[in-house]
Engineer: 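Handing you a structure now.
Throughout, protein chains are lettered first and strands after them, A, B, ... in sequence-line order, and every chain is numbered starting at 1.
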There are 2 protein chains.
Amino acid sequence: MAAAASLKLPALERLPKETTNQWVYRSLRQAVMLGLVPPGRPVTIRDVANILEVSTTPVREALRRLSSEQALEELDNRRILVPNMTAARFRELCELRIALECHAAERAMPYMHGAKLDELAAIDKRLDDANDAGDRERIIALNQQFHRFIYEANPHQTVMPLVESVWLQLGPFVRLALSRLKDFYQVDRHSEAMAALRRQDPLGLRIAMEADIRDALTHVGTNELLKAYVESPDSIA
Amino acid sequence: MAAAASLKLPALERLPKETTNQWVYRSLRQAVMLGLVPPGRPVTIRDVANILEVSTTPVREALRRLSSEQALEELDNRRILVPNMTAARFRELCELRIALECHAAERAMPYMHGAKLDELAAIDKRLDDANDAGDRERIIALNQQFHRFIYEANPHQTVMPLVESVWLQLGPFVRLALSRLKDFYQVDRHSEAMAALRRQDPLGLRIAMEADIRDALTHVGTNELLKAYVESPDSIA
DNA sequence: ACGAGATTATTTTGATCACATTCTTGCGGC
DNA sequence: GCCGCAAGAATGTGATCAAAATAATCTCGT
């Protein structure tokens with residue numbers, strides 16, 4: 001029946017106390033983040049409902065939520081799809097990420113005490129290991145964890161949801177960058193950032209953060225990789 | 001019947017081609033923006049559905065969407081409410097607004113040509129008039145329009161949704177500030193911003209923007225007004 | 001006759017609702 | 001005070017209706 005031949009969803013395992021809505025949301029979010037949903041192709045409620053074997057209501061709510069977070073785009077036609085990436089949009093998102101996260105880091109700095117710095121170093125250590133092992137999934141996860149841990153040190157959270165939104169929009173392409181890169185300079189940047197945190201040096205922190213983000217993203221944004229992807233996504237994925 | 005004595009919703013008129021969902025969303029958004037929903041008091045789906053005389057489904061989706069935009073908060077209990085404002089959170093939101101909007105303005109600057117500058121000046125002129133007339137509703141609306149017009153000059157939009165989210169969270173309190181203020185310095189700041197745009201001077205633009213936002217918000221954030229509100233909202237509203 | 005563009009018909013998709021189910025919470029008996 | 005039960009509230013389902021996309025047909029000028 002309902003064909004949906006080209007749409008594959010990861011079928012995340014369902015957590016114990018989780019509502020259907022949350023489960024569908026997590027699944028779709030992950031699918032978008034990993035770039036499994038082809039940009040431009042409409043994502044219909046019924047297709048997703050059929051694939052995940054749930055009714056339409058939770059699916060529509062999950063799609064709507066992702067639209068609110070700019071991970072999906074709602075057209076006038078009521079069609080929902082993954083927005084197309086362009087070089088210009090990618091550049092905008094990079095700069096936005098830098099502005100947002102430098103700000104977040106600076107506002108969180110005063111709350112990074114000794115114990116928290118040790119925890120952060122531990123995360124970085126694990127990231128280092130994953131790096132050596134070449135485990136991409138873990139590298140992405142731990143890198144996000146590293147950044148999140150810093151920003152969330154600030155107990156008065158306002159930025160993190162916005163940061164997540166930008167991550168969601170960049171998600172698939174960051175993965176793309178990693179899939180081609182052999183080694184990462186990020187570890188050094190992370191060390192610089194941690195040193196700046198230890199010194200409580202706002203400017204140093206900003207510089208390290210910006211460098212870290214740029215290192216991670218410029219490999220996609222500037223070279224021909226993004227262009228190739230934009231033109232024919234399937235050839236790379 | 002359904003009591004909900006203290007919850008009043010503006011009952012926006014329903015636009016022609018609008019779905020129930022969109023209408024409920026607009027109504028709730030406006031209510032939150034104007035501070036009509038008391039923070040801390042749970043907003044139940046049923047209450048809203050009864051007040052607006054629609055079924056629960058569109059209400060739930062509207063509430064969920066506002067939660068995604070950080071205008072509402074979903075507790076573990078599945079209860080939904082307007083997050084409480086604290087002095088610290090307010091400060092965070094101000095700084096976030098400044099960081100975001102300075103960035104947005106700077107990224108939009110190259111796209112502000114002659115014709116667009118004239119349009120901007122026209123908006124500012126109308127704002128000036130509203131200011132003289134003391135029409136608060138229009139002042140708020142036009143001020144937002146002024147800022148939005150600048151940021152949206154950038155054709156590769158990524159920031160505006162994030163800015164809207166912050167506006168939503170600050171909304172009620174900005175209104176609060178205006179309700180007490182006699183005159184505004186913003187007009188001058190707007191002139192400075194326009195001058196900087198004309199010169200294509202990034203630093204000057206940032207300075208003017210930051211000053212403009214600070215002028216609008218510090219009156220709430222620093223003085224006893226916010227404190228009074230946080231302690232007993234009803235005494236001020 | 002032929003084909004580009006408009007138009008209608010069919011089918012797909014989204015929106016809304018009422019009801020069933022599941023979860024939370026607050027009350028009252030012990 | 002604690003436990004359990006009942007009322008209230010939210011989630012999820014399937015049905016129904018309206019809107020939009022796609023397919024098929026028609027019109028008209030050449």
Side-chain angles (χ1 to χ4, degrees), chain A residues 1-7 9 11-29 37-68 71-82, chain B residues 1-7 9 11-12 14-29 37-38 40-68 71-82:
Chain A
M1 308 282 130
S6 51
L7 188 58
L9 292 183
L12 253 48
E13 86 285 20
R14 197 158 173 175
L15 268 51
K17 294 268 301 184
E18 201 176 31
T19 68
T20 308
N21 184 12
Q22 294 168 314
W23 175 62
V24 172
Y25 171 73
R26 275 201 311 128
S27 302
L28 276 170
R29 183 190 165 100
V37 187
R41 188 175 156 293
V43 180
T44 69
I45 295 176
R46 281 176 153 86
D47 277 358
V48 177
N50 283 333
I51 293 172
L52 297 182
E53 295 179 314
V54 294
S55 123
T56 59
T57 311
V59 173
R60 192 173 54 246
E61 287 178 16
L63 289 176
R64 282 262 170 71
R65 180 161 170 202
L66 287 167
S67 302
S68 284
L72 297 174
E73 191 182 4
E74 280 183 271
L75 268 50
D76 303 338
N77 332 337
R78 300 169 165 185
R79 280 274 156 92
I80 296 178
L81 42 80
V82 176
Chain B
M1 322 265 130
S6 50
L7 189 58
L9 293 183
L12 252 49
R14 196 159 171 173
L15 268 52
K17 294 270 298 183
E18 199 175 35
T19 68
T20 308
N21 185 8
Q22 293 168 316
W23 175 62
V24 173
Y25 171 73
R26 275 201 312 125
S27 303
L28 276 171
R29 183 188 165 102
V37 188
R41 188 174 156 295
V43 181
T44 69
I45 295 175
R46 282 181 146 90
D47 279 356
V48 177
N50 284 332
I51 292 173
L52 297 181
E53 294 178 317
V54 295
S55 117
T56 60
T57 312
V59 175
R60 189 167 68 236
E61 286 179 16
L63 289 175
R64 282 261 167 72
R65 182 161 168 202
L66 287 167
S67 301
S68 283
L72 297 175
E73 190 183 4
E74 280 182 273
L75 268 49
D76 303 338
N77 329 340
R78 299 170 164 185
R79 283 271 161 84
I80 297 179
L81 41 81
V82 176

Engineer: Base, backbone or nothing for each nucleotide of nucleotides 11-21 of chain C, written B, S, -, heavy atoms under 4.0 angstrom, 5' to 3'?
Structural biologist: --BBBBB----
Engineer: Give me the first and last nucleotide of DNA chain D, going 5' to 3', that has any atom under 4.0 Å from a heavy atom of chain B.
Structural biologist: D:dA9 to D:dA20
Engineer: Of all residues at least two apart in sequence or in a different chain, which pass the side chain to side chain contact (heavy atoms under 4.5 Å, CB included) check with B:Thr56?
Structural biologist: B:Ile45, B:Ala49
Engineer: What residues form a side chain to side chain contact (heavy atoms under 4.5 Å, CB included) with A:Glu74, not counting sequence neighbours?
Structural biologist: A:Arg64, A:Ser67, A:Ile80
Engineer: Name all residues meeting the side chain to side chain contact (heavy atoms under 4.5 Å, CB included) criterion together with B:Arg78; count only those two or more places apart in sequence or in a different chain, and write none if there are none.
Structural biologist: A:Thr19
Engineer: Output all residues satisfying side chain to side chain contact (heavy atoms under 4.5 Å, CB included) with A:Ser68, sequence neighbours left out; order by chain, then residue number.
Structural biologist: B:Arg65, B:Ser68, B:Glu69
Engineer: Which residues pass the side-chain hydrogen bond (donor to acceptor under 3.5 Å, both in side chains) test with A:Thr44, not counting sequence neighbours?
Structural biologist: A:Asp47
Engineer: Please identify each residue that fulfils salt bridge (charged side-chain N to carboxylate O under 4.0 Å, His left out) with B:Arg60, with sequence neighbours left out.
Structural biologist: A:Glu61
Engineer: Taking side-chain hydrogen bond (donor to acceptor under 3.5 Å, both in side chains) as the test, write out the residues that go with B:Glu18, two or more places apart.
Structural biologist: B:Arg26
